[in-house]
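Heads up, the thing below is written out as structure tokens.
Both ligands and their constituent atoms are indexed starting at 1 by order of listing. Along the sequence shown, residues carry numbers from 1. All values reported here derive from a predicted model rather than from experimental measurement. When reading the values below, keep in mind they use all heavy atoms of this one structure, side chains included, and skip hydrogens, waters and symmetry mates.
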Amino acid sequence: MTADSAPIADVLLPLALDGPYSYRIPPGLPLVPGSYVAVPLGPRQMIGVVWALRQEAPEGTRLRDVLGVFDMAPMPETHRKFVSWLAAYYLEPMGNVLRMVLRVPSAFAEPRGQTAYRTTGATPKRMTPQRARVLEEAREGFAMRASELADAAGVGTSVIKSLVKDGALEAVALPALRAFVAPDLNAGGLRLSREQQKAAQELRAVVAARAHKVMLLDGVTGSGKTEVYFEAMAAALASGAQVLLLLPEIALTQSFLSRVEARFGCDPAQWHSDLRPRERERVWRGIATGEAKIVVGARSALFLPWKKLGLIVVDEEHESAYKQDEGVPYHARDMAVLYGSIGKFPVVLSSATPSLESLVNVDRGRYGIVRLTDRHGRPELPEVGLLDMKLQKLEPGAWLSPPLVEAVTRTLQSGDQALLFLNRRGYAPLTLCRACGHRMNCPNCAAALVEHRFRRQLMCHHCGHVEPIPHACPSCGAENKLTPVGPGIERLSEEAARLFPDVRIGVLSSDLSRGTLLRDALREVEDGETRLVIGTQLVAKGHHFPHLTFVGVVDADLALESSDPRGAERTWALLAQVAGRAGRGEKPGRALIQTYVPDHPLMRALKNGDRDGYLAQERAIRESAGLPPYGRLAAVILSGTDAAETERVTRDVARLVPLGDGVTVLGPAPAPIAIVRGRHRWRFLVKAGRDVNIQAFLQQWLKDVKPKGALSLQVDVDPYNFL
Ligand code: ADP
Ligand code: ZN
């Protein structure tokens with residue numbers, strides 16, 4: 001059906017709406033399902049997507065006209081299905097999902113003959129804070145369109161115009177968007193080992209079948225999984241399809257991109273949160289037209305308007321970074337699998353520590369598996385030792401036991417690189433007053449403030465609140481009595497600097513993740529310039545540090561006690577990955593783990609390299625508790641600024657819980673972090689059997705719950721965050 005025969009278009013708008021709105025199509029406007037259109041909404045104009053065309057308008061409504069259509073390839077049916085299925089799965093308004101696809105407003109501006117603005121160096125006659133912000137943004141280097149520049153500076157476009165009039169900004173013509181170079185499938189590629197060849201061959205066969213199939217690529221760290229899935233990508237590209245390689249955002253480093261470039265002879269399109277607007281536009285358009293063939297991206301790359309996707313590879317598939325908690329709470333690995341089933345193409349999940357979810361899917365016969373057991377051309381996996389901290393004597397304020405210090409000393413002496421791993425940002429997780437016992441808490445959250453000594457601040461890791469470190473205790477007024485309790489990596493780096501005064505130490509955490517700082521720091525580690533690395537989980541993720549031969553885990557017990565049903569599995573994956581960083585170069589690696597529970601099955605399995613034994617046990621625990629992947633979970637959180645009102649409404653919602661076969665609703669209870677950003681939070685946990693339609697249950701329960709005012713209701717299907 002085309003617009004000639006159908007005068008009405010149902011247009012989905014990027015707003016919290018469950019379905020499309022109808023508009024009249026003016027005669028002659030060439031619309032098809034998937035067309036990007038401009039439509040009026042109240043006094044505004046909006047961009048939307050034609051979801052359907054039809055003959056008759058809904059009864060009794062006066063429709064407004066579609067204003068125009070963008071000269072752009074329509075959104076393919078597969079992608080539209082993906083949007084609506086994802087919305088249904090997460091009980092999210094469809095329009096909210098569409099908003100994630102349309103998050104590149106500049107793509108809808110006219111592509112040619114555009115004007116951009118850059119600074120001239122002249123100072124405007126009059127300086128206002130708004131003008132200063134614009135100039136600061138413009139000074140960053142690239143010329144930007146007026147609307148982009150205004151957005152970046154948080155001002156109206158009139159400020160830009162007045163700065164042009166004053167001579168502080170000048171207009172320049174924007175060059176056309178840089179074209180995409182077609183990949184050369186034989187550009188690079190290493191000579192694969194026999195085992196790698198066999199694995200690659202299996203994946204190629206799955207790709208050649210052009211049907212939906214999920215393959216788990218399960219291989220120890222350093223076994224060459226990347227090289228192997230590159231071959232699957234080459235096979236998909238050879239068939240003319242587009243390929244998406246998903247990575248956790250922080251693993252998306254320059255050195256990784258260079259590997260992709262070396263293999264395929266072209267720089268792949270990148271997609272991540274700190275991409276320039278113009279580059280976002282280029283990639284978005286290239287994906288829509290099909291010119292961009294390879295995208296290496298973080299989770300949101302799934303929402304690019306794929307013309308013809310033929311393969312998704314999810315590297316580090318076990319990573320919790322694939323779960324988005326804000327906005328639409330989706331899991332990118334699961335949604336990659338969903339996309340593959342809609343688009344009828346294969347999905348490769350790769351990891352050295354696959355998630356229990358994926359392993360169980362292999363056992364159930366739903367996923368295929370390819371294994372790599374040799375570390376390519378390298379010694380075996382690092383030898384892992386446990387240090388029973390109950391037997392170690394530590395000075396107050398010291399965290400590194402004598403055997404750990406000795407191991408680091410020997411490593412450094414032999415010219416190698418060492419890593420100390422502690423999964424805690426900042427200087428100390430807690431600050432107490434030694435005079436009155438007062439604890440420095442966040443004013444907005446039920447959580448302790450974390451000291452960040454380099455910045456001389458106390459910071460809340462939940463809401464971002466910061467305050468200077470006070471001299472006197474705010475409770476009793478005693479001076480110089482506030483004391484840091486427990487270690488963070490900054491504090492550890494102080495200890496390391498005392499112990500190894502002449503060694504170049506690098507401290508790596510997500511506090512560096514702004515811009516180039518982190519990339520530089522990682523490069524110095526890869527180059528071996530940094531001799532001793534101190535890092536959080538950030539260093540555990542997929543990096544290749546060829547000079548690293550020793551890993552010390554400072555506190556292995558941190559995540560074991562969490563309320564998260566995946567807490568132990570995560571600890572396992574994290575520690576196994578961290579240990580796997582050692583010995584990826586020529587020399588063998590070694591890891592030492594400080595723990596107070598050396599008899600814990602997880603610690604014993606780490607020491608013995610007994611992954612299968614550990615996982616079997618973890619599976620038994622989950623199965624008997626009916627937890628994922630043996631059962632389904634959803635979290636329902638009510639929050640509000642008024643404690644009493646939030647509790648009252650939560651109790652009302654509790655009374656609405658319907659009877660459901662195979663469903664248990666736990667709670668309501670105050671959420672583990674009961675106050676965040678001044679909002680009081682109550683939580684229900686919904687537990688259901690694997691074959692229960694948990695969405696239908698939630699819908700039936702919550703259909704009439706319409707929180708008003710400051711109250712809000714969040715539903716998280718398959719939650720990963722149990723705070
Ligand atoms: P994984 O992703 O399994 O951790 P990688 O693919 O990153 O492993 O490989 C680890 C290292 O071994 C990389 O430096 C890679 O270039 C190298 N490597 C893997 N396979 C080969 C091969 N067949 N020939 C030469 N080097 C290889
Ligand atoms: Zn806070």
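Note that the CE atom of Met603 and the CG atom of Leu386 stand 7.5 Å from one another [nearest 0.5 Å].
The residue from Thr353, Leu356, Asp610 that alone fulfils the side-chain contact (heavy atoms from CB on, under 4.5 Å) condition with Leu615 is Leu356.
Ion pairing of Arg611 with Glu618 is absent here, as no side-chain N (NZ or NE/NH1/NH2) approaches a carboxylate O to less than 4.0 Å. Ion pairing of Arg566 with Glu357 is present here, as a side-chain N (NZ or NE/NH1/NH2) and a carboxylate O approach within less than 4.0 Å. The pair Asp716-Lys323 meets the salt-bridge criterion, with a side-chain N (NZ, NE, NH1 or NH2) lying under 4.0 Å from an Asp/Glu carboxylate O.
Checking Ser351 against His318 by side-chain atom types alone, a donor-acceptor pair falls below 3.5 Å.
Among the backbone and side-chain atoms of Cys445, an N, O or S atom lies under 2.8 Å from the Zn ion (ligand 2). At least one N, O or S atom of Cys460 sits under 2.8 Å from the Zn ion (ligand 2).
Note: an N/O pair closer than 3.5 Å links Lys225 and ligand 1 by distance alone. When only interatomic distances are considered, the shortest N/O to N/O separation between Leu190 and ligand 1 does not fall below 3.5 Å.
Those atoms of ligand 1 that come under 4.0 Å of a heavy atom in Thr226, given as number and element, are 2 (O), 5 (P), 6 (O), 7 (O). Ligand-side atoms of ligand 1 in range of Val220: 3 (O), range being under 4.0 angstrom from any heavy atom. Atoms of ligand 1 lying under 4.0 Å from at least one heavy atom of Leu192, given by number and element, are 23 (N). The distance from ligand 1 to the heavy atoms of Arg191 drops below 4.0 Å at these ligand atoms: 22 (C), 23 (N), 24 (N).
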Salt bridge (charged side-chain N to carboxylate O under 4.0 Å, His left out) between Arg590 and Asp416, intermediate numbers included: CA-CA 12 Å; Arg590 199 156 88 81; Asp416 293 341; over 6 Å; no
Verdict with supporting geometry, Glu195 and Thr373, side-chain hydrogen bond (donor to acceptor under 3.5 Å, both in side chains): CA-CA 8 Å; Glu195 187 187 50; Thr373 51; 2.6 Å; yes
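When heavy-atom distances to ligand 1 are checked against a 4.0 Å cut-off, Val228 has no atom that comes that close, whether in backbone or side chain.
Around atom 7 (O) of ligand 1, the closest heavy atom drawn from Glu227, Glu195, Arg194, Arg259 belongs to Arg259.
Aromatic ring pairs are classed by plane angle as parallel below 30°, tilted from 30° to 60° and perpendicular above 60°; the pair Phe230 and Phe264 is perpendicular.
Not a single heavy atom of Asp315 sits under 4.0 Å from any atom of ligand 1. For Gly219, the heavy-atom gap to ligand 1 stays at 4.0 angstrom or more.
Vertex the Zn ion (ligand 2); arms to Cys442 SG and Cys463 SG; angle rounded to 10 degrees, 110°.
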